[in-house]
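Following: one structure in structure tokens, then a few remarks.
Computed from a predicted model, the values in this text were never measured in an experiment. Order of the sequence lines sets the chain letters (A, B, ...), proteins ahead of strands, with each chain counted from 1. Just so it is clear, the values below take in all heavy atoms, side chains as well, and ignore hydrogens, waters and symmetry mates.
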Amino acid sequence: MLDLLGTLTRTHTCGELRAADAGKSVVLLGWVNRRRDHGNLIFLDLRDRYGITQIVLDKEVGEAAHAKAEHSRPEYVVAAVGKVRLRDKDVINPKMPTGEVEIVASELRILNDAKVPPFSPSEEAIGNEEVRLKYRYIDLRRPEMQRNFEVRHKVALAVREYLSGEGFFEIETPFMTRSTPEGARDYLVPSRVHPGEFYALPQSPQLFKQILMISGMDRYFQIARCFRDEDLRADRQPEFTQIDLEMTFPQQETIFGVVEGFMAAAFKAVGIDLPVPFPKISYDEAMRNYGIDKPDLRLPGLADVKAAFTAENLAALVIDPNLPVVALRIPKVGELSRKERDDNKPLFDQRKGAKYIDDLKRLEKGFPEAAAKVRELAGAEADDLLIIVAGDAATHIQASDTKTPGRLSEREIAVYSAAGNFRVELARKYAERHGAFAVTDGVVTDEGRNTGIVDGSKAFRPIWVTDFPMFEHDPETGKWMPAHHPFTSPHEEDMDRLVSDPASVRARYYDLAMNGLELGSGSIRIHQQQVQQEIFRALGMSDEEAKARFGFFLEALQYGTPPHGGIALGLDRLVMILAGANSLREVIAFPKTAKAIDLMVDAPTPVSEQQLRELHIKPTKG
RNA sequence: GGGGACGUAGUUCAGUUGGUUAGAACGCUGCCCUGUCACGGCAGAGGUCGCGGGUUCGAGUCCCGUCGUCCCCGCCA
């Protein structure tokens with residue numbers, strides 16, 4: 001028989017009572033975390049979002065309350081009425097913030113019972129994610145998850161406060177909008193009123209926010225839900241949240257300043273000092289130094305070691321002398337065994353004509369001078385893992401190595417990115433040995449938040465990546481594709497080469513990367529209608545097609561569009577980094593599986609014939 | 001669309017060369033216990049070895065298919 005709450009009111013949370021509260025009469029409400037039954041003496045650990053407090057049920061103090069405790073079980077919801085008592089010195093629990101006190105309960109009410117849960121929120125590690133997602137309400141009771149959502153809340157709040165203080169208005173844009181197929185696939189919403197027609201869920205509020213600039217809103221932001229119907233990854237969910245902003249009359253640096261401001265504020269809100277401004281690197285430099293456009297600065301970059309080899313050396317090693325020769329170095333990993341090297345083979349992408357040398361001992365035997373020079377150029381310590389990556393002279397691959405002065409060729413990029421990806425894979429695999437990733441784990445702790453600001457300069461390494469190429473060449477279609485989105489402005493001094501030499505055109509486009517993760521992208525937009533049309537043409541889009549897809553926008557551009565620009569940052573990814581999590585699912589309350597299923601509500605599902613008829617939809621399958 | 005890992009009790013996992021009645025820990029149930037905090041002690045319950053088919057005298061174990069979860073490539077302007 002369950003008890004009624006009646007007029008009982010919570011006086012304290014389960015995390016706040018301390019020695020100074022001794023003697024107070026209190027009412028605590030929460031879930032039974034654990035029960036320790038000693039016969040005539042029972043301990044209940046009562047848990048809520050704020051912590052755990054021990055309740056003592058002594059048969060001699062209250063027989064009825066003691067009997068209730070005998071019947072209570074983990075996850076029962078109970079009310080404890082009693083007095084705060086200082087614990088004797090020898091039974092103080094130093095591991096708990098409330099460990100100096102306990103509640104001597106005179107009354108215990110069982111407000112609700114609970115089935116035996118498939119796993120306990122009091123367990124440290126739960127492995128089975130399927131079960132966690134199905135019983136998400138139990139999973140979310142775990143202190144770790146509650147902490148993650150506290151971080152998420154604080155970050156979002158700090159961003160809002162900061163941007164508001166900088167004059168940004170938070171403005172909502174529609175969820176049901178027009179399909180403008182660009183990059184990702186749209187989620188479509190059928191219209192009942194307009195047979196055969198569909199709304200689309202926004203992939204981002206891109207065009208709306210640009211139109212808000214045309215509208216003279218000056219500074220806009222939104223913590224916006226976005227939808228993309230693409231395959232999932234650990235860091236990609238079909239619906240996700242972006243910190244989206246746009247402003248009128250910015251220079252690139254103006255936007256960097258705003259982002260650095262709210263990032264610092266967000267980190268400060270969870271107790272971390274994030275130094276500003278963030279370093280900057282051009283796309284080309286990023287490729288040369290890290291082999292990737294989202295560099296992880298927690299580990300050393302690539303070193304150019306071509307100078308270590310003579311032409312004869314390169315020929316003997318079957319290395320293409322016209323392509324880069326670089327060394328990747330991971331500290332403290334040490335020399336790899338034969339077996340380890342074999343195991344690592346699949347981690348290297350050999351498809352694009354790159355090769356690597358990971359047996360430095362053998363290189364030292366055959367080419368002692370070159371090997372010594374490589375070590376020197378790479379700045380390698382004795383216990384560093386050192387691997388050389390170069391172009392394979394024996395592979396003839398179909399890739400353009402036409403060189404635009406000042407830009408990297410496709411083949412050069414292939415070698416750099418093979419090295420860069422290998423570096424990332426190995427760094428992840430040997431994370432325990434080099435220890436550079438461990439710092440982020442547990443930086444956001446209760447201790448950190450309570451004792452002041454922690455120095456985050458080593459654990460969190462943001463970097464701006466700038467000057468991306470405007471176009472990418474698609475080898476399959478032979479067309480030039482926008483490297484990013486087609487509303488990005490080219491550099492003013494590159495404009496005249498839009499048609500004559502598209503590969504050399506730089507975009508006023510920038511990414512913010514942190515710890516090897518792309519946190520966000522933005523750009524200075526095109527604000528002149530003619531330029532926008534030229535870009536569409538350069539992309540092989542006819543004027544008619546452009547008009548059909550973006551006519552409303554091209555029209556809007558003609559009514560006094562100010563120069564404008566902005567950025568969108570993934571809130572989920574940001575919180576994931578702060579929480580030290582390795583999946584977005586840890587920081588999204590109700591996420592989807594890799595197959596885009598919600599295991600708790602079981603979505604998607606078929607719908608009734610009736611619903612389909614009303615929407616004028618006839619499925620071809622199922 | 002492709003590659004890889006995994007799937008055994010509620011949970012985490014073990015299960016040898018294919019061989020008797022499939023095990024452990026935690027959890028769960030009952031009894032005992034007044035200072036535990038991962039309480040302890042005794043007793044007990046709990047299994048379609050993901051599912052389907054095949055090979056075999058015999059399959060958790062081998063083969064084929066299928067489903068599910070995770071990771072990666074493609075994809076994600």
Side-chain angles (χ1 to χ4, degrees), chain A residues 33-47 52-61 66 70 73-75 85 87-96 98-99 102 104 115-135 138-139 180-186 203-204 206-207 226-238 240 346-347 349 351 421 424-425 428-429 468-472 474 476 480-488 507 509 518 521 523 535-536 539 541 549 568 570 582-583 585 592-597 599:
Chain A
N33 196 57
R34 279 203 152 87
R35 184 179 65 116
R36 291 177 295 279
D37 186 345
H38 289 238
N40 289 333
L41 187 70
I42 298 174
F43 300 99
L44 289 185
D45 288 341
L46 203 60
R47 185 195 68 235
I52 291 175
T53 299
Q54 175 167 282
I55 316 292
V56 187
L57 289 302
D58 191 327
K59 202 169 188 175
E60 285 173 17
V61 173
H66 177 270
E70 273 187 321
R73 291 290 179 272
E75 302 314 310
R85 180 168 73 191
R87 297 199 200 180
D88 288 341
K89 274 198 188 106
D90 49 333
V91 293
I92 284 174
N93 185 346
K95 285 184 279 185
M96 295 170 71
T98 61
E102 61 194 2
V104 185
K115 285 174 70 176
V116 176
F119 60 93
S120 164
S122 68
E123 280 171 61
E124 288 285 317
I126 318 294
N128 189 340
E129 217 179 333
E130 228 171 317
V131 180
R132 285 180 57 198
L133 289 175
K134 178 160 186 204
Y135 298 95
I138 296 170
D139 190 39
T180 52
E182 297 152 57
R185 275 177 280 259
D186 284 326
Q203 297 178 24
S204 84
Q206 182 64 32
L207 293 179
C226 303
F227 305 86
R228 293 180 190 174
D229 186 5
E230 295 295 340
D231 288 352
L232 289 81
R233 290 283 189 286
D235 61 355
R236 269 166 30 192
Q237 282 272 318
F240 58 100
L347 300 180
D349 181 1
R351 285 173 303 177
N421 289 330
V424 169
E425 294 284 351
R428 196 179 301 168
K429 180 162 176 180
F468 279 77
M470 186 79 186
F471 302 104
E472 268 171 6
D474 183 346
E476 278 178 33
W480 288 97
M481 305 284 289
H484 297 285
H485 67 62
F487 313 107
T488 299
Y509 183 97
E518 182 192 313
S521 318
S523 63
I535 295 292
F536 283 148
L539 295 169
M541 204 187 292
R549 285 169 67 177
N582 45 28
S583 161
R585 292 183 300 276
K592 293 177 178 62
T593 69
K595 286 236 170 86
I597 305 273
L599 288 174

Under the salt bridge (Lys or Arg N to Asp or Glu O under 4.0 Å) rule, what do A:Asp229 and A:Arg185 come out as? Steps first, then yes or no, please. CA-CA 5 Å; A:Asp229 186 5; A:Arg185 275 177 280 259; 5.1 Å; no
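Neither OP1 nor OP2 of B:U69 sits under 4.0 Å from any side-chain N or O of A:Arg585. At B:C39, one or more side-chain N or O atoms of A:Arg36 fall inside 4.0 Å of OP1 or OP2 (strictly under the cut-off). At B:C67, none of the side-chain N or O atoms of A:Lys595 fall inside 4.0 Å of OP1 or OP2 (strictly under the cut-off).
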Annotated protein contacts, base or backbone, on nucleotides 26-35 of chain B with a non-hydrogen cut-off under 4.0 Å, one of B, S, - each: --SSS--BBB
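Taking 4.0 Å as the cut-off between side-chain N and carboxylate O, A:Asp45 and A:Arg36 count as a salt-bridged pair.
The nucleotide B:G74 finds no pairing partner, because no Watson-Crick or G-U wobble arrangement with both distances shorter than 3.5 Å includes it.
Residues A:Asn582 and A:Arg236 both approach RNA chain B. Their nearest nucleotides, taken by heavy-atom distance, put A:Asn582 toward the 5′ side. Positionally, the nearest nucleotide of RNA chain B for A:Ala594 lies more toward the 5' end than for the other of A:Ala594 and A:Arg233.
Comparing the P positions of B:C57 and B:G18 gives a spacing of 16 Å, expressed to the nearest Å. Between B:G19 and B:A24, the distance separating the two C1' atoms is 22 Å to the nearest Å. Only the P atoms considered, B:U11 is 16 Å distant from B:U69, to the nearest whole Å.
Between A:Asn33 and the choices A:Glu75, A:Gln54, A:Arg47, the side-chain hydrogen bond (donor to acceptor under 3.5 Å, both in side chains) rule is met once, by A:Arg47.
Nearest heavy-atom pair, A:Pro238 versus A:Lys592, reported as atom, atom and distance to 0.1 Å: CG-CD, 3.7 Å.
Considering CD1 of A:Ile52 and CG of A:Leu46, their distance stands at 9.0 Å, rounded to 0.5 Å. A:Leu57 contributes atom CG, which lies 9.5 Å from atom CZ of A:Phe43 (distance to the nearest 0.5 angstrom).
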